[in-house]
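Contents: one structure, followed by commentary.
Numbered from 1 within each chain, the chains take letters A, B, ... in sequence-line order. Any value given below was found using the heavy atoms of this structure, including those in side chains, with hydrogens, waters and symmetry copies removed. Quick caveat: nothing in here was measured; it's all calculated off a predicted structure.
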Number of protein chains: 2
Amino acid sequence: MKTKIVIDPDDFPQDLRQGLAVLAADMATHGTRRIDPPREVMAMMGDRWTSLILQVLMIGTWRHADLKRALAALSEEQAISQRVLTLKLRALERDGFVARHATADVPPRVSYRLTPLGTELAQEGRRMIDWVNERSAAILQARTTFDQRDD
Amino acid sequence: MKTKIVIDPDDFPQDLRQGLAVLAADMATHGTRRIDPPREVMAMMGDRWTSLILQVLMIGTWRHADLKRALAALSEEQAISQRVLTLKLRALERDGFVARHATADVPPRVSYRLTPLGTELAQEGRRMIDWVNERSAAILQARTTFDQRDD
DNA sequence: CAGCATCCTCGGCGATACTG
DNA sequence: CAGTATCGCCGAGGATGCTG
């Protein structure tokens, strides 16, 4: 695993070299690519369901089927498939964001809740959701302006 | 476009209904699904390149080819293709996060820089990167623990 | 140099059926 | 009820060649 990032001065404009070297140093700290775990987590947050799942789990502890219905109510147009809900919850559990509790009953009772770490993540997600919503008018405006030129 | 989200009491456990109704109200405010623009932006931030592009653009104003080289240096294993870089920059430009400046020269000189809104977004991204990095040890620990049970 | 067109691969996600 | 297995679609993203 290569952790040292070499910036060849000849490859970049003089005024950007220093800043790039600083960023490169940031990205290569601690013997691992510091950009990788963030990218993985941000990819989760940006996928079809995870950020919504986290917001619903902020409410409390949910059984699988109830959670599926709650997501369907919030998403409206398309419900999450049972298979994907299982996949998403497992990924969150794997990274320590969600705790899974199952009983040996028949039929099974499985419930999910946020861990402290997952609660933090959900709060970060909520922060990002609010940030975008506060700026959505500007974003949508930029979009229509962009789409109307040329074409 | 349906903005009112109806929560049927019979569908959910009593202790979760109230919280779900509150969340549903949050998600349906302002005559549009408030969850949609956030999901779009978060999807961008979570894709293969956008968050890294934003961090590099924080340094200054970049020409297309220089930016491509900078991303390659930071990413190491695989360079972004020229086609995808164009796509990502255009998406950022469309939403008002990046400003594109082109001269009529031959060969063309095209440069990209963050808008004020884009600078904010890059800072949010940096915040998220740092947040994950501060917790990456815990996340990786949870991952190995999870992977070692069963199998 | 920057961008576009074309082709291709791969993974996310949905649908369905089946099991403990 | 929760989970798995199987199948299929579609879009993200990479590779290459061409153009102004």
| Aromatic ring pairing B:His64/B:Tyr112, orientation class (parallel under 30°, perpendicular over 60°, tilted between) |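 Aromatic pair B:His64/B:Tyr112 classed tilted.
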
| request: Go through A:Arg69 and A:Asp66 one step at a time and tell me if the salt bridge (charged side-chain N to carboxylate O under 4.0 Å, His left out) criterion holds. | output: CA-CA 5 Å; A:Arg69 268 191 297 275; A:Asp66 291 331; 2.6 Å; yes

| request: Starting from the 5' end of DNA chain C, give me the residue, B:Thr86 or B:Arg63, whose nearest nucleotide shows up first. | output: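 Of the two residues, B:Arg63 wins.
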
Take atom [atom1] of [X] and atom [atom2] of [N], then tell me their distance rounded to the nearest Å.
X	N	atom1	atom2	result
A:Leu71	C:dC13	CG	C1'	15 Å
A:Arg100	D:dA2	CZ	C1'	8 Å
A:Arg90	C:dG12	CZ	P	15 Å
A:Leu85	C:dG12	CG	P	16 Å
A:Leu89	D:dC1	CG	C1'	14 Å
B:His101	C:dG3	NE2	C1'	17 Å
B:Glu40	D:dG11	CD	C1'	15 Å
B:Leu67	C:dG3	CG	C1'	15 Å

| note | For B:Ser75 and B:Trp49, the nearest pair of non-hydrogen atoms, with its separation, is OG-CH2, 3.5 Å

Does a side-chain N-to-carboxylate-O contact under 4.0 Å join [X] and [Y]?
X	Y	value
B:Asp95	A:Arg135	no
A:Lys88	A:Glu93	no
B:Arg127	B:Glu120	no

| Counting distance only, does the side-chain N/O of B:Glu124 pair as donor-acceptor with the main-chain N or O of A:Trp131 below 3.5 Å? |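 Here the side-chain-to-backbone pair does not exist.
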
| Where protein sits on nucleotides 12-20 of chain D, one letter per nucleotide: B base, S sugar-phosphate only, - none, heavy atoms under 4.0 Å | -BBB----B

| said: With heavy-atom distances below 4.5 Å as the criterion, would you say the side chains of B:Leu85 and B:Leu67 are in contact? | reply: yes

| Please walk me through it: do B:Leu20 and A:Leu74 pass side-chain contact (heavy atoms from CB on, under 4.5 Å)? | CA-CA 9 Å; B:Leu20 182 57; A:Leu74 293 172; 4.1 Å; yes

| message | Any side-chain N or O of B:Tyr112 below 4.0 angstrom from OP1/OP2 of C:dG3? | response | yes

| query | How large an angle, rounded to 10°, do the end axes of the helix from C:dC1-D:dG20 to C:dG20-D:dC1 enclose when each is built from five base pairs? | reply | 40°

